[in-house]
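Comments concern the structure below.
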Amino acid sequence: MSKLEHRVYQKLLKVPKGKVTTYGELAKAVGLENGQRVIGQIMNKNPFPVIIPCHRVVKSDGKIGGYYYGEKVKTKMLSDEGISVKNGKIQDWKETIFRF
DNA sequence: CGGCTGGCGTCGT
DNA sequence: TACGACGCCAGCC
């Protein structure tokens, strides 16, 4: 695992349950101002889906975005953590997002 | 080193 | 609101 991936996972682990972050925020958090897609690649290759909460990473416009196991699963996991999702979008977006 | 690919982001229509 | 077109950047040919 590269240094970059390691940093990304560490940052992601700081996101508390019940909150989410975005690909862009996460990218900036590890030093990549415009590396949003890279975050996606890393999440997709996530070797520890159990300890890495990649379902807490969503798109900057409040939409859920993709997920290795499917958006339905991602949506369910988020709602189980107390985040309301409607039509593939986060409801109280501003209140739910976590900023580093 | 060059070209392509994506769990994205932003802007224009 | 919903597409399409670009831009972005690490990783894999």
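Naming: A, B, ... by sequence-line order, numbering from 1 per chain.
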Discussion item. What I want to find out is whether A:R56 reaches A:E81 closely enough, with some N-O distance under 4.0 Å, to be called a salt bridge.
Written reply: yes
Discussion item. Both A:T22 and A:Q41 contact DNA chain B. Taking the nearest nucleotide for each, which residue is further toward the 5' end?
Written reply: A:Q41
Item to complete: Nearest whole angstrom, please: distance from the P of B:dT10 to the CG of A:N34.
Response: 9 Å
Worksheet, complete the sentence: Assert: residue with more 5' nearest nucleotide on DNA chain C, out of A:L32 and A:K89, is A:K89
Discussion item. I'd like to know if the side chain of A:E5 and the backbone of A:S2 have a donor-acceptor N/O pair within less than 3.5 Å.
Written reply: yes
Item to complete: Mind calculating the distance between NZ (A:K28) and C1' (B:dG9) to the nearest angstrom?
Response: 11 Å
Fill in: Nearest non-hydrogen partners of A:M43 and A:Y23, listed with the distance
CG-CE2, 4.4 Å
Worksheet item: Which residue, A:Q36 or A:K63, contacts DNA chain C at a nucleotide closer to its 5' end, judged by nearest heavy atom?
Response: A:K63
Fill in: Minimum-distance pair of heavy atoms, taken over all atoms of A:P53 and A:L13
CD-CD2, 3.8 Å
Worksheet item: Just how far, in rounded Å, is P of B:dC8 from CZ of A:R37?
Response: 8 Å
Discussion item. What does the 5'-to-3' dot-bracket notation of DNA chain C look like when only Watson-Crick and G-U wobble pairs under 3.5 Å count, and pairs to other strands show as |?
Written reply: .||||||.|||||
Worksheet entry | Linked, directly or transitively: A:M77 and A:I83 (ILVMFWY side chains, under 4.5 Å) | no
Worksheet entry | Euclidean distance, atom CD1 of residue A:I39 to atom C1' of B:dT5 [Å, nearest integer] | 16 Å
Response to the item:
From CD1 of A:I97 across to C1' of B:dG9 the rounded distance in Å is 13 Å
Discussion item. Considering every strand and a 4.0 Å limit on heavy-atom distances, what is the contact class for A:L4: base, sugar-phosphate, or nothing?
Written reply: sugar-phosphate
Item to complete: State the CG-CD1 distance between A:N46 and A:I51, to the nearest 0.5 angstrom.
Response: 8.0 Å
Worksheet entry | Main-chain N/O of A:V57 paired with A:K74 side-chain donor or acceptor, under 3.5 Å | yes
Worksheet item: Could you give the CG-to-C1' distance, from A:L12 to B:dC8, as a whole number of Å?
Response: 16 Å
Worksheet, complete the sentence: When rounded to the nearest 0.5 Å, the distance separating CE of A:M1 from CD1 of A:I42 is 10.0 Å
Item to complete: Name the first nucleotide and the last nucleotide along DNA chain C (5' to 3') that come under 4.0 Å of a heavy atom in chain A.
Response: C:dT1 to C:dG11
Worksheet, complete the sentence: Distance col, row A:F100:CZ vs A:K14:NZ, nearest 0.5 angstrom, shows 8.5 Å
Item to complete: Return the value, rounded to whole Å, for the distance between atom CG of A:D61 and atom P of B:dG9.
Response: 7 Å
Fill in: Atom-pair distance (OH on A:Y67; P on B:dC8), nearest Å
14 Å
Worksheet item: Hey, does the side-chain of A:Y23 have a donor or acceptor N/O within less than 3.5 Å of a partner on the base of B:dG9?
Response: no
